[in-house]
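Structure, as structure tokens:
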Amino acid sequence: MISEKMKGFVANSSAIRAMFEEGKKLAAKYGADHVYDFSLGNPNVPAPPEVKEAILDIVENEDPVLVHGYMNNSGYEDVRSTLAEHLNSRYGTDYSASNIVMTVGAAGGLNVILKTILNPGDEVIVIAPYFGEYRSYAGNFDGVIVAVNSDPETFWPDPEAVAAAITEKTKALIINTPNNPTGVVYPESVIRSIGKVLEEGSRKYGTEILMISDEPYRDIVFDGAEVPWIPDFYGNTVVGSSYSKTLSLPGERIGYLVIPSSVSDFENVISAANTATRILGYVNAPSLMQRVAARCLDAKADVEFYDRNRKLLYGALTEYGFSCVKPEGAFYLWVKSPEEDERAFAARAKDTEQILVVPGRSFGCAGWVRMAYCVSTETIENALPGFLRLAESYGLRG
Ligand code: PLP
């Protein structure tokens, strides 16, 4: 019954599903407290109190027909204006409601913008390691993902490698900072270089390459790391974000696209994005959550909590002899596999210590594993003896 295309998607998502099933089996065998699941990026800190206050106040005091009704497919005008003003005060921009499309999470926004721009066979450059769902999102519109390796030391995008990957079919480049899975925040100099490379590529082929900045983790940064506002460095940039991580609302499916007026063919792009939202079947972003988001623009989930987990996990694993990239943002730790095939390492961690990590090849980068540390601090504390035994079994401590 299912389409050939869906068969491909289902086969590709089976690894993550298998891990999920495996976690359930282990929990049944050893008890949930003795399974250490670092596989999912599901925030475990509650939404900040402002969210509940806003929900209650909106439901009590705003017009229910308005709060729960259809609106412009791009979202409520007043919500988009408030968000635009908030961005203006943060980044010195001059956006208005007409630059914003409220979306069904960051994932919905990526699908909207890719549907807006892709013809079949168009290429979308991504920087490996990358969020694996990009493959499905581009595939939805018969786009082709072109993965370009990041610098193997820093995991920053490599401008020369990006330049070499550009062809006449390149329609977009997706960057993601703070990054899932590495936790790296790209410095301004790198963003600037990538912008230049895209300008040169567009000139060379007479095309207009769109930069898509996927930034659901923008506000989860540590040690004062700063995430540059990407359209400042390359005008033909669309920013996609969401409140899934910064307000801990992943199930509520609320996010937005910023389509600056500097984007090529702006009027057509914004009107196509508005249409894409409708015809993808999302119609509009969840109405109540749009209104909640507009009231919580200065609120944040407990980033200190993630920071404590980050320090605990990074500190312990490096002490045990694992090589890790020190995360500057998001809530992932990128760990070098102590054996060449990281799937074998992940299997050993699971079978001997009930520790679940995701093999890097799911992110287009073998030899590494990703750990999501948006888990309880006890989960990390209780998993550490297992990591120590693993380190010893690989002779990492010398
Ligand atoms: N982009 C990246 C890099 C992500 O890690 C995620 C979710 O984990 C998303 C997009 C999707 O976010 P949302 O839940 O807001 O759709």
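For reference, positions follow the sequence shown, starting with 1. Keep in mind the model is a prediction, meaning the values are calculated, not measured. Start at 1 and go down the list; that is how both ligands and their atoms are numbered.
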- Could you check Val101, Asn284, Thr277, Asn274 and say which one makes a side-chain contact (heavy atoms from CB on, under 4.5 Å) with Asn72? Asn274
- Message: Does the Lys NZ or Arg CZ of Arg253 fall within the cation-pi geometry relative to Tyr282 - under 6.0 Å from the ring centre and within 45° of the axis?
- Response: no
Using a strict cut-off of 4.0 Å, indicate which atoms of ligand 1 neighbour a heavy atom of [X].
X      : answer
Gly105 : 15 (O), 16 (O)
Ser242 : 15 (O)
Ala107 : 11 (C), 13 (P), 16 (O)
Ser244 : 13 (P), 14 (O), 15 (O)
Asn176 : 3 (C)
Asn180 : 3 (C), 4 (C), 5 (O)

Which residue supplies the protein heavy atom nearest to [atom], what is that atom called, and how far is it?
atom                    : value
atom 9 (C) of ligand 1  : Phe131 CE2, 3.5 Å
atom 3 (C) of ligand 1  : Asp214 OD2, 3.3 Å
atom 12 (O) of ligand 1 : Ala106 CB, 3.6 Å
atom 14 (O) of ligand 1 : Arg253 NH1, 2.9 Å

- Which heavy atom of Ser264 sits nearest a heavy atom of Asn236, and at what distance? N-OD1, 3.0 Å
- Query: Any idea which heavy atoms bring Ser213 and Thr237 closest together, and the distance?
  - Reply: CB-CG2, 4.3 Å
- Charged N to carboxylate O below 4.0 Å: is that the case for Asp219 and Lys245? no
- Task: For Gly255 and ligand 1, answer yes if some heavy atom of the residue is under 4.0 Å from a ligand atom, otherwise no.
- Result: no
- Taking the side chain as C-beta and beyond, is there a heavy-atom pair between Ile58 and Arg295 under 4.5 Å? yes
Should the ring pair [X] and [Y] be called parallel, tilted or perpendicular, given that the plane angle runs from 0 to 90° and is split at 30 and 60?
X      : Y      : result
Tyr217 : Tyr332 : perpendicular
Phe155 : Trp368 : perpendicular
Tyr243 : Tyr256 : tilted

- Look at atom 7 (C) of ligand 1 and find which of Glu215, Glu133, Lys245 reaches it with the closest heavy atom. Lys245
- Task: Pick whichever of Tyr137, Tyr243, Tyr217 has a heavy atom sitting closest to atom 5 (O) of ligand 1.
- Result: Tyr217
